Asker: 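Sharing a structure below in C-alpha cells format, with a few things to ask.
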Amino acid sequence: MLRIAVPNKGMLSEPAWNMLAEAGYRLRSNPRQLVVEDPDNDVELFYLRPLDIAVYVGRGTIDVGITGEDLLKNSGTEAVEHLSLGFGASTFRFAAPNDSDIKELKDIDGKRVGTSFDKLVHDYLVEQGINAETIHLDGAVESSVQLGVADLIADVVSTGTTLRNAGLRIFANPIMHSEACLIRSPRLDEHDERLTILSRRLQGVLTAQRYVLMDYDIPVSKVGEAVAVTPGFESPTISPLHDKQWSAVRVMVPKAKVNHLMDKLYEVGARGIIVTALQASRI
C-alpha cells in the first residue's frame with residue numbers, strides 16, 4: 001500500500017482532505033481516527049501533525065505527504081517536493097516592534113529572532129550573511145518580544161493584522177512564499193506507478209477547480225474568431241447543428257476568466273452560452 005500522510009489539523013488540513021476526497025480516496029469517519037486503510041485504492045492514510053509530516057516522509061516509512069513548502073524546508077529532511085497543490089498560500093516575513101530601530105535586513109545582525117521555523121530562518125540569514133540567534137518557539141511567537149525572549153520575530157503572515165495588534169511591523173523582503181505541496185520520500189521512485197496515479201488524480205482535481213466547461217452556439221462564418229477567444233487545451237469540440245449555418249462549440253476555459261470570455265464571445269456572435277462546473281478531469 002502507498003502510505004500517505006495528511007495534516008490532522010491546521011489551515012492545510014481541510015483543503016487537503018477535500019482534495020483527497022474529490023480524488024476518490026477514503027477519509028476517516030471520525031476525528032479520533034489516525035489511520036485509515038483504503039484497500040480499493042491500495043493506500044493507507046495517516047493523520048499527523050503538520051509540523052511532523054515532512055519528517056515522517058523524509059526519514060520514516062511514509063511514502064508521500066501533503067504539507068507546506070515552508071514546513072518542508074524547515075524540516076531539514078531529504079523529502080522531495082513533487083507537486084504544487086495550489087492552496088494554503090502564505091508569506092514568511094520578519095517583524096519588529098514599532099519603536100524598534102530594526103528597519104532593514106542588516107539590522108538583524110547580532111539580534112535574537114523568535115520563530116517556530118528556526119532552521120528555515122537560520123539558513124536564510126546565513127545565506128544573507130547575517131549573524132543572528134534564532135530562538136525556537138512553538139505556537140504563536142508575537143509575544144516573544146514583549147516577554148523579553150527575542151528582539152524581533154519571523155513568522156507566517158497573511159493580512160498582518162495579528163502582528164499590528166501585537167505592536168509589530170513587517171520589514172524587509174519576504175523570507176519565502178509558501179503553499180501546500182505533495183512531497184515524496186527520497187526512497188520512493190518518482191516514476192512509481194502508485195505515485196503516478198495519485199499525482200494524476202490530484203492534478204485532475206486541480207484542473208477541475210481551475211477550469212469550467214463552456215458550451216455555445218456560433219455562426220459557421222464566425223467559428224474561427226470564436227476559437228481564437230476560446231482555444232481550449234488541444235482544440236475545442238465543434239459540432240454541426242440542425243441549422244447548417246450554425247455550429248456548437250464545447251471547450252474548457254479558465255474559471256477566473258468566464259465572464260470576460262462570455263462577453264467577448266457574445267460580441268463575436270455566440271449565443272446560448274452555458275457554463276458547467278467540472279467534478280473531475282484527466283488532461
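This structure is a prediction, so every number in the text was calculated from the model and none was measured. The residues of the chain are indexed from 1 along the displayed sequence.
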Asker: Indicate whether the side chain of R187 and that of S185 have a donor and an acceptor atom separated by less than 3.5 Å.
Answerer: yes

Asker: Does a side chain donor of either R201 or N41 reach within less than 3.5 Å of an acceptor in the other side chain?
Answerer: yes

Asker: Taking 4.0 angstrom as the limit, do R250 and D215 come out as a salt bridge?
Answerer: yes

Asker: With distance as the sole test, does T67 use its side chain to make a donor-acceptor pair with the main-chain N or O of L72 at under 3.5 Å?
Answerer: no

Asker: State whether K119 and D123 are salt-bridged, where the test is any N-O pair (Lys NZ or Arg NE/NH1/NH2 against Asp/Glu carboxylate O) under 4.0 Å.
Answerer: yes

Asker: Would D243 and W246 count as a side-chain contact (heavy atoms from CB on, under 4.5 Å) if you check the C-alpha gap in whole Å, the side-chain angles of each, and the deciding distance to 0.1 Å?
Answerer: CA-CA 6 Å; D243 184 339; W246 286 77; 3.7 Å; yes

Asker: Do T230 and Y216 pair up side chain to side chain, a donor and an acceptor below 3.5 Å, judged on atom types alone?
Answerer: yes

Asker: Verify, without hydrogens or angle tests, whether N259 (side chain) and M262 (backbone) share a donor-acceptor contact under 3.5 angstrom.
Answerer: no

Asker: Do side-chain atoms of T77 reach the backbone of R59 as a donor and acceptor pair under 3.5 angstrom?
Answerer: no

Asker: For the backbone of N131 and the side chain of D109, can you confirm whether one donor and one acceptor N or O come within less than 3.5 Å of each other?
Answerer: yes

Asker: Following the transitive rule for hydrophobic clusters with a side-chain heavy-atom cut-off under 4.5 Å over Ile, Leu, Val, Met, Phe, Trp and Tyr, establish whether I238 and V275 coincide in one cluster.
Answerer: yes

Asker: Flag yes if V227 and Y211 sit in one hydrophobic cluster, no otherwise; membership is Ile, Leu, Val, Met, Phe, Trp, Tyr, and two members link when side-chain heavy atoms are under 4.5 Å apart.
Answerer: no

Asker: Are L125 and I135 connected in a single hydrophobic cluster, I mean Ile/Leu/Val/Met/Phe/Trp/Tyr linked by side-chain heavy atoms less than 4.5 Å apart?
Answerer: no

Asker: Do the side-chain N and O atoms of S199 and Q203 include a donor-acceptor pair separated by under 3.5 angstrom?
Answerer: no

Asker: Does R112 pair with E133 as a salt bridge, N-O distance under 4.0 Å?
Answerer: no

Asker: Using a 4.5 Å cut-off on heavy atoms from C-beta on, say whether the side chain of M252 contacts that of M214.
Answerer: no

Asker: Does R28 make a cation-pi contact with Y47 (under 6.0 Å, within 45 degrees of the axis)?
Answerer: yes

Asker: Is there a path of hydrophobic side-chain contacts, each under 4.5 Å between heavy atoms of I/L/V/M/F/W/Y residues, joining V141 to V113?
Answerer: no

Asker: Looking at every heavy atom in both E142 and I153, which two are closest together, and how far apart are they?
Answerer: CA-CD1, 4.3 Å

Asker: Can any side-chain N or O of T91 pair as donor or acceptor with the backbone N or O of H177 at less than 3.5 Å?
Answerer: no

Asker: If the threshold is 4.0 Å, N to carboxylate O, is there a salt bridge linking K222 and E225?
Answerer: yes

Asker: Any donor-acceptor pair under 3.5 Å linking the side chain of W17 with the backbone of N8?
Answerer: no

Asker: Taking all non-hydrogen atoms of both residues into account, name the closest pair between Y266 and I273 and its distance.
Answerer: N-CD1, 4.2 Å

Asker: Please test Y124 against F92 for ring-ring contact (aromatic ring centres under 6.0 Å, His included), starting from the C-alpha separation and ending with a verdict.
Answerer: CA-CA 11 Å; Y124 177 81; F92 206 76; 9.2 Å; no

Asker: Which atom pair, heavy atoms only, marks the closest approach of D70 to S178?
Answerer: N-OG, 3.0 Å

Asker: Which atom names give the shortest non-hydrogen contact between E37 and R26, and what distance separates them?
Answerer: O-NH1, 3.3 Å

Asker: List the steps and the verdict of side-chain contact (heavy atoms from CB on, under 4.5 Å) for I53 and V6.
Answerer: CA-CA 7 Å; I53 288 177; V6 294; 5.6 Å; no

Asker: State, to 0.1 Å, how close R184 and V57 come at their nearest heavy-atom pair, and which atoms those are.
Answerer: C-CG1, 3.4 Å

Asker: Side chains of L45 and D38: does their closest heavy-atom pair fall under 4.5 Å?
Answerer: no

Asker: Just by distance, do the side chain of D192 and the backbone of L188 share a donor-acceptor pair under 3.5 Å?
Answerer: no

Asker: According to a 4.5 Å side-chain heavy-atom criterion applied to Ile, Leu, Val, Met, Phe, Trp and Tyr, with indirect links allowed, do L27 and F87 form part of one hydrophobic cluster?
Answerer: yes

Asker: T134 and D118: side-chain donor and acceptor closer than 3.5 Å?
Answerer: no

Asker: Identify the two heavy atoms, one from L195 and one from D189, that lie closest to each other, and give their separation to 0.1 Å.
Answerer: CD2-O, 3.9 Å

Asker: Looking at I102, is its backbone amide N or carbonyl O close enough to the side chain of S100 to form a donor-acceptor pair, meaning the two atoms are under 3.5 Å apart?
Answerer: yes

